[in-house]
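Everything below concerns the one structure shown next.
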Amino acid sequence: MKALSCAARRPNSKFGEISVTSSPARVRFAPSPTGHLHLGGARTALYNYLLARKTGGKFILRIEDTDQKRFVPGAEQEFMDGLRWLGLHYDEGPDIGGPYGPYRQTERREIYQRHAWQLVEQGHAYPCFCTPERLEQMRSLQMQNKETLHYDGTCRNLPPEEAARRVANGERHVIRFKTPQEGATTAHDLLRGDITIENKNIDDYVILKSDGWPTYHLAAMVDDHLMNITHVFRGSEWLGTFPLHVNILRAFGWQEPTWIHLSIFLKPSGKGKMSKRETAEAMKDGYSIFTKDMGSLGYTPEGVNNWVALMGWGISEGDDVMSLAEMVQKFDITRLTPSPAAINFTKLDHFNGEHIRRMAAPDLAARLKPYFTNAGLEVSDDLLLRVIPLIRERLVTLDDCLPFAAWFFRPQVVPDPKDLVAKNLTAAQSAQIAQRIYETLAPLPHITHDLAEPPMRQLVEELGYSPGQVFGILRVAVTGQSVSPPLFESMELLPREVILERVQQAVELLKNA
RNA sequence: GCCCCCAUCGUCUAGUGGUCCAGGACGGAGCCCUCUCAAGGCUCAAACAGGGGUUCGAGCCCCCUUGGGGGCACCA
């Protein structure tokens, strides 16, 4: 129903698509296990997930691990963990299987070889015997002559019989795609429209390496086709080889998916992408571009998803704080934007805080508990649950619970005497006030908000100081710190004796100050 | 050097030829609330990169310039 009304309002988007979001989509997130899952990958995965859920389709995880040299042990697991943490559950993947497996490219080697040779037989590709050294020389020569770097075609025109003989003899070779030399190739991107590149600017790319493994160009096209992928979300770094990919698909006679090239994320300054240096700098400020760090930095999957979703997706009006389910409702691939986006970490803080404030108390409590535990504190679930309403709107990140509420779970607090001295007053004056506070609270049967605040206000009146001065002393005495959740609500959660002891302690500290 | 992509407040964006002296959000400034810190409420400052077309009319369409980004591997 939603999709239909969307289509009615924006019938063809600007490039004449027909109802791109209505039928079930099969989409895939296909990382290479060579590093960490970062923001860009998380967004690509998210959009895939949203489209799949929106259309009642399938979200697939495929591991593109054909590069033997760059393989990083544990990376694949990190991607799976990252997706799980984000709540982006896939329907088919290497660890859970599915009808189109295997989902790891290293388990599909024969498939690629078969297809590569099929292209050779059909005249769309050819074996190439040029050595890496020769190619290196060729390139530096081209560089010297200020030519465009490209394969010079030496093996392209080898008689097929000779090529076949040399291959049969076991001569080391790769297979290159035979890009047409005349004309131009036009490929269509949903967001950017037609993209045309002169064929002379498209190289004869290697599609099967001499070690027998395919390159991305072959493997991704073959898999997307065999896995029935309907929409391909990928980074704009693929735009340059986009026509190549379309040519490969056409050589096979396969149908094209809908292509959506997402722009990359720029560093906060907007000048270039995140480098090692900026990544380290962000980490110093408590931010990271890697999902593996997000949890320990106190970020929630809800906050991260929401933040990342809106970099490259404009929702026209209304509430932009959304859960995954709400994003599914509102998602519309035709509203994605093609321009590069600068990362804005303070906006992540905003979304994270918003989602924390939206959480049900028991949920928040469960998420907060590990931060206390990791800090060596023993927390009572009952007390924690009662602390939640006092700190919730103060939290930007989950680990902010420590500065605000750790003191609740410590047997005693030791205020710095300097903090006990009220603004514009001496230690002696503060000591006197503390003593009066003690005398005010001591007679109360319970120190609750309702019972304690009126007499305390009266005391403030009597003393002629400001509420801030008097309450400030009490705050530091009880919590040990000058910034805390609301005072009376906080005291209500502690035993009466504890509070009185602490006020007494403050009196002593001030006297000796 | 060659190829490709992108271009609205500082940032993310809405805008699909008149309803735009350009709307929202983050951040910033101010005020209110107030026991600290927040949260919340209200208000303010802040943009169509430049130049040519097309059109009665252009932020929206076309071209050029400029700026930014990405790519030019037997990596993905």
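Order of the sequence lines sets the chain letters (A, B, ...), proteins ahead of strands, with each chain counted from 1.
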- Query: Just how far, in rounded Å, is C1' of B/A38 from CG of A/Asp349?
  - Reply: 14 Å

- Please report the closest heavy-atom contact between A/Ala405 and A/Val387, naming both atoms and the distance. CB-CG1, 3.8 Å

- Note on the structure: A/Phe345 atom CZ is separated from B/C12 atom P, nearest whole Å, by 14 Å

- B/G17 and B/A73: how far apart are their C1' atoms, nearest whole angstrom? 46 Å

- Pairwise C1' distance for B/C44 and B/G57, with rounding to whole Å: 33 Å

- Please give, in whole Å, the distance from B/G70 P to A/Leu262 CG? 16 Å

- Message: For a quick test of reading the model: is some side-chain N or O of A/Thr337 closer than 4.0 Å to OP1 or OP2 of B/U13?
- Response: yes

- Task: With A/Arg62 as the cation and A/Phe29 as the aromatic partner, state whether NZ or CZ is under 6.0 Å from the six-membered ring centre and within 45° of the axis.
- Result: no

- Item | Rounded distance in Å between the P positions of B/A76 and B/A38 | 50 Å

- Query: For A/Leu487, which contact category applies under a 4.0 Å heavy-atom criterion: base, sugar-phosphate, or nothing?
  - Reply: base

- Note on the structure: Scanning all shown strands, the Watson-Crick or wobble mate of B/G1 with both distances under 3.5 Å is B/C72

- Item | Gap in Å between the two C1' atoms, one belonging to B/A22 and one to B/C32, rounded | 30 Å

- Query: Does the A/Ser32 side chain pair with the main chain of A/Asp65, one donor and one acceptor, at a distance under 3.5 Å?
  - Reply: no

- More 5' along RNA chain B: A/Phe488 or A/Lys146, using each one's nearest nucleotide? A/Lys146

N/O to N/O distances under 3.5 Å, protein versus nucleotides 73-76 of chain B:
residue	atom	partner	partner atom	Å
B/C74	OP1	A/Arg139	NH2	3.1
B/C74	OP2	A/Arg139	NH2	3.4
B/C74	O2	A/Ser210	N	2.8
B/C74	O2	A/Ser210	OG	2.6
B/C74	N3	A/Ser210	OG	3.0
B/C74	N4	A/Cys130	O	3.2
B/C75	OP1	A/Lys69	NZ	3.4
B/C75	OP2	A/Lys209	NZ	3.0
B/C75	O2'	A/Asp67	OD2	2.8
B/C75	O2'	A/Arg70	NE	3.1
B/C75	O2'	A/Arg70	NH2	3.0
B/C75	O2	A/Arg70	NH1	3.4
B/C75	O2	A/Arg70	NH2	3.4
B/A76	OP1	A/Thr66	OG1	2.9
B/A76	OP1	A/Lys209	NZ	3.1
B/A76	OP2	A/Tyr216	N	3.1
B/A76	O4'	A/Arg70	NH2	3.4
B/A76	O3'	A/Glu64	OE1	3.0

- Would you please name every residue forming a salt bridge (Lys or Arg N to Asp or Glu O under 4.0 Å) with A/Glu439, sequence neighbours left out? A/Arg436

- Task: Look at A/Arg457 and B/C35 and indicate whether a side-chain polar atom (N or O) is within less than 4.0 Å of OP1 or OP2.
- Result: yes

- Item | A/Gln142 side-chain N/O to A/His150 backbone N/O, donor-acceptor pair under 3.5 Å | yes

- Given B/C12, B/C35, B/C6, the nucleotide with the shortest approach to the side chain of A/Pro338: B/C6

- Task: Calculate the interatomic distance between A/Gln458 atom CD and B/C35 atom P; express it in whole Å.
- Result: 16 Å

- Query: Say you pick atom C1' in B/G53 and the same atom in B/U19; how far apart are they, in whole Å?
  - Reply: 26 Å

- Hunt down the Watson-Crick or G-U wobble partner of B/C42, both distances under 3.5 Å, from any strand shown, or write none. B/G30

- For B/U54, which nucleotide in any strand shown is its Watson-Crick or wobble partner with both distances under 3.5 Å? none

- Query: Do the side-chain N or O atoms of A/Lys273 get closer than 4.0 angstrom to the phosphate oxygens (OP1, OP2) of B/G68?
  - Reply: no

- Message: At 4.0 Å (heavy atoms only), tell me whether A/Pro268 reaches a base, stays on the sugar-phosphate, or touches nothing.
- Response: nothing

- Message: Both distances below 3.5 Å, Watson-Crick or wobble geometry, any strand: find the nucleotide opposite B/A25.
- Response: B/U11

- Message: Taking B/A14 as the reference, what is the distance to B/A25 when you measure between their P atoms (whole Å, please)?
- Response: 15 Å

- So, is A/Arg475 close to the B/C37 phosphate, meaning a side-chain N or O under 4.0 Å from OP1 or OP2? no

- Message: Please report the distance, rounded to the nearest Å, between CZ in A/Arg192 and C1' in B/G69.
- Response: 10 Å

- Message: By the 4.0 Å heavy-atom rule, please label A/Gly312 as base, sugar-phosphate, or nothing.
- Response: sugar-phosphate

- Rounded to the Å, how far apart are A/Leu239 CG and B/C6 P? 8 Å

- Query: How far apart are the C-alpha atoms of A/Asp152 and A/Arg134, what are their side-chain angles, what is the distance that settles it, and do they pass the salt bridge (Lys or Arg N to Asp or Glu O under 4.0 Å) test?
  - Reply: CA-CA 11 Å; A/Asp152 62 5; A/Arg134 207 206 137 241; 2.5 Å; yes

- Query: Is a side-chain donor-acceptor pair under 3.5 Å present for A/Asp419 with A/Ser482?
  - Reply: no

- Which one, B/A25, B/G40, B/G68, comes nearest to the side chain of A/Arg357? B/G40

- Item | Inter-nucleotide P distance (B/C6, B/A47), Å rounded | 26 Å

- Would you classify A/Gly353 as touching base, sugar-phosphate or nothing, given that sugar-phosphate means primed atoms plus P, OP1 and OP2, and contacts are heavy atoms under 4.0 Å? nothing

- A/Gly240 near the nucleic acid: base, sugar-phosphate alone, or nothing, with a heavy-atom cut-off under 4.0 Å? nothing

- Identified pairing partner of B/C60, criterion: Watson-Crick or G-U wobble below 3.5 Å: none

- In terms of side-chain geometry, is the basic nitrogen of A/Arg457 or A/Glu462 positioned less than 4.0 Å from the acidic oxygen of its partner? no

- Query: So, the side chain of A/Trp313 versus the backbone of A/Val308: is there a donor-acceptor pair under 3.5 Å, distance only?
  - Reply: no

- Query: A/Phe351 has an atom CZ; how far is it from atom P of B/C12, in whole Å?
  - Reply: 13 Å

- Query: Distance between the C1' atoms of B/G1 and B/U54, in whole angstroms?
  - Reply: 36 Å

- Lys/Arg N to Asp/Glu carboxylate O, A/Glu326 vs A/Lys330, below 4.0 Å: no

- Kindly say whether A/Asp450 contributes a backbone atom to a donor-acceptor pair with the side chain of A/Glu453 at under 3.5 angstrom? no

- Task: Give a yes or no on whether the ring-centroid distance for A/Phe233 and A/Trp259 is below 6.0 angstrom.
- Result: no

- When you get a sec, tell me which of B/U36, B/C35, B/G69 is the closest nucleotide to the side chain of A/Glu489? B/C35

- Grab the CZ-C1' distance between A/Phe265 and B/U11 for me, whole Å please. 13 Å

- Item | Neighbours of RNA chain B within residues 388-407 of chain A, by heavy-atom distance under 4.0 Å | A/Glu393, A/Arg394, A/Phe404

